[in-house]
Amino acid sequence: MSSKPKIAYAGMTHLGLCSSVGGSSKGFPMLGFDTDPALVARLEQGKLPVVEPDLDDMLAANRDHMAFTSDPARLRDCDVVYIAPDVPTDDMGGSDLSGLDSLLELVLANTRPDAVVVVLSQVPPGYTRARQRQGRQLYYQVETLVFGRAVERATQPERFIVGAPDGVTLPPALRAYLEAFGCPLLPMRFESAELTKISINCCLVASVTVANTLAELCERIGADWSEIAPALKLDKRIGAYSYLSPGLGLAGGNLERDLATVIRFSEEYGTDAGLIKAFVASSKHRKDWALRTLHELVLARKPDARLAVLGLAYKENTHSVKNSPSLALIRHLAPWPLTVFDPVVPASAAPHPNVTGAPSALDAVKGADALAIMTPWPEFKKLDPAAIAGAMAGKTVLDPYRVLDPAKAKAAGLDHRLLGVA
Amino acid sequence: MLAHAHEKPVIPKRAVVIGAGGFVGGAILKEIQKANIPALGITRKDADLLSAGSGEALAALLKPDDAVVFVSAIAPAKNAAQVMTNLRMGEAAIAAFAAVPPAHLIYISSDAVYADDATPVTERSPVAPSTTHGLMHVARELMFRSEYKGPFAILRPTLIYGAGDPHSGYGPNRFRKLAAKGEPIGLFGEGEEKRDHVAVEDVARLVVRILLHGSSGVLNAVTGVATSFHDIARIVAGEFGPPARIELVPRPGPRPHLLHRFFDITDAYKSFPDFKYEALATGLKRVHREVQAGLLTPRGNSRIPAPD
């Protein structure tokens with residue numbers, strides 16, 4: 001082994017790509033492996049299939065010690081190999097682990113017996129122990145990817161949570177790699193590590209659900225959740241970084257997957273998951289905030305309304321539309337003509353029979369009776385409410401992510417509707 | 001939520017309304033005919049579902065490609081005997097459907113199937129009735145669901161009002177009758193309980209949409225707006241000149257456990273995005289005008305021809 005262990009990530013989807021580029025920034029020789037030669041060719045050219053702040057620049061800065069390959073034989077040189085494909089989920093939040101299993105077998109067949117193989121993809125409790133085999137070093141590490149903040153999370157992790165066969169010991173190569181990030185290492189038994197990931201997400205969901213539940217009440221009784229949340233964050237028992245921004249329910253698939261996993265395990269082991277089911281129900285209810293508000297404010301009164309939607313991606317700085325609140329809304333607006341704009345996602349992604357893609361945000365809102373800003377892209381924050389008011393035919397703007405400045409929107413004469421405000 | 005077999009409306013070969021002689025069934029049949037859907041209304045005279053051999057009698061009236069709307073009920077089912085009577089009616093219908101399976105079945109149920117503490121109520125709220133009437137509808141829903149294997153829709157209306165309403169339960173119809181007789185409208189407590197009320201015509205229009213789209217699943221027939229009985233009384237009283245008097249009377253028992261009932265009608269927005277419910281105040285004024293003009297729906301001295 002050289003002074004620095006050679007690291008590889010297998011599976012160049014969102015998680016693997018961002019993690020490998022982030023790892024390369026620590027100076028480790030890095031190999032990105034994927035079975036798709038076409039994808040690898042694009043990566044070699046610096047064409048990345050995901051949109052993340054700083055990702056392209058970080059890759060360019062570390063190309064001298066970062067390579068991509070579709071040849072599994074090259075994994076034989078590596079000391080630590082992460083298995084990191086995105087695990088797809090179905091509409092019910094269930095995971096399809098078949099791709100992960102195939103990749104794991106391929107990696108085990110093409111790595112040295114002394115190489116450390118680490119499952120980084122999100123797996124249900126019991127997955128890693130069930131795949132242990134004699135003479136190999138198989139570990140599990142919790143991933144904490146956040147779409148739109150993937151590079152930051154990959155380079156400045158808060159801690160590493162690693163599942164180990166004995167719950168304590170980490171191999172030297174893996175320890176050397178992880179210690180380079182300068183954060184606490186928390187080795188634990190496999191099942192604990194796997195459940196830690198789910199526990200983190202359940203805590204996040206709990207906070208978001210509290211915010212959503214009380215934000216809806218704010219909307220009815222004249223309170224403003226944006227005044228309440230800062231007070232809560234100053235309470236040490238709640239915390240400055242707690243997830244207290246109201247939103248449109250859970251999206252993206254990963255949180256839903258963990259809730260589905262807890263419910264499935266509770267059914268299998270007879271434990272109580274009533275709270276988790278309530279999270280799911282609350283999310284479904286909140287996801288339709290924009291649809292309900294549009295009906296109440298506009299569609300019930302103006303049957304021939306023209307609508308505009310800004311943002312199709314499920315959140316800013318990503319091209320992903322999986323579980324996108326925007327698409328969930330658009331799906332139920334079929335009777336009304338719709339114009340959309342998203343900086344990355346094409347209008348063809350909108351499930352609507354009469355949709356028009358606009359070349360810009362302001363073009364999209366021209367002549368609209370109502371506007372819904374469904375993804376908080378940074379460029380939308382630069383929009384001038386007065387310009388929006390001037391372009392629209394109506395005044396109703398649904399802004400669940402507070403993209404527009406409320407005071408300026410009010411001054412422009414817009415009926416600016418926010419989450420958590422009466 | 002409903003799933004539609006037809007994204008665009010398709011007129012069924014024939015729609016059959018079982019229970020067309022009643023307040024709700026009559027309104028549904030009228031709306032079906034208005035939509036130019038070939039229709040057959042079946043009343044107790046045509047097939048008495050409580051008589052021996054009624055299943056065969058009903059089957060003789062059905063065709064295999066019929067879309068059937070089952071409305072017949074002794075409502076509200078206030079006691080065990082009335083529950084059992086309603087279940088026997090359902091049993092007879094099931095026997096008929098076994099002999100001549102309809103192409104599409106719509107069951108008119110009730111929001112009484114939901115638990116009292118479900119709020120806001122959605123189509124996914126727990127089904128846990130607290131009344132024998134709700135129990136009856138849950139049982140009939142399950143009977144139809146388990147025995148009929150075709151596309152099956154359940155419509156669960158909340159409190160229905162309309163010009164031909166034969167009932168005099170606590171609510172707008174009773175308030176109007178009292179006011180018409182020059183008597184004060186009596187409200188229990190402060191009349192503060194909030195309830196959703198739906199016009200019978202809106203229920204009928206929803207049934208037509210379900211027929212045209214071949215829909216299956218569950219939909220609540222509710223407006224999404226809950227109004228206090230006090231406000232309802234004021235609306236009704238205001239239709240009379242001089243306005244009828246409203247009198248607060250002590251409750252005969254403790255305040256009801258179900259004080260308010262709110263509905264979340266998102267599923268309606270998704271099932272029929274451009275469907276609009278009539279606002280309660282508008283509907284009550286319209287009903288008042290219709291009653292004054294004698295334009296009742298088929299039940300109750302109607303000037304509108306009763307269905308065949």
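We name chains A, B, ... by the order of the sequence lines, and we start the count at 1 in each one.
Considering only heavy-atom pairs separated by less than 4.5 Å from chain B, the leading option among A/E296, A/R292, A/R331 is A/R292.
Interface residue B/K276: only side-chain heavy atoms are found under 4.5 Å from chain A. Using a 4.5 Å cut-off between heavy atoms, A/P335 contacts chain B through its side chain alone, with no backbone atom that close.
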Audit row: B/T266, A/H295, side chain to side chain contact (heavy atoms under 4.5 Å, CB included) steps and yes/no: CA-CA 9 Å; B/T266 307; A/H295 270 276; over 6 Å; no
Report the C-alpha distance between B/Y269 and A/H332 in whole Å, list the side-chain angles of each, state the deciding distance to 0.1 Å, and finish with yes or no for side chain to side chain contact (heavy atoms under 4.5 Å, CB included). CA-CA 7 Å; B/Y269 295 147; A/H332 302 293; over 6 Å; no
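Counting heavy atoms of neighbouring residues, nucleotides and ligands inside a 6.0 Å radius, atom CZ of A/R306 does not exceed 12 of them.
How far NZ of B/K270 is from CG of A/L333: 11.0 Å, rounded to the nearest 0.5 Å. Of the inter-residue distances, the one linking B/D267 atom CG with A/D288 atom CG reads 8.0 Å to the nearest 0.5 angstrom.
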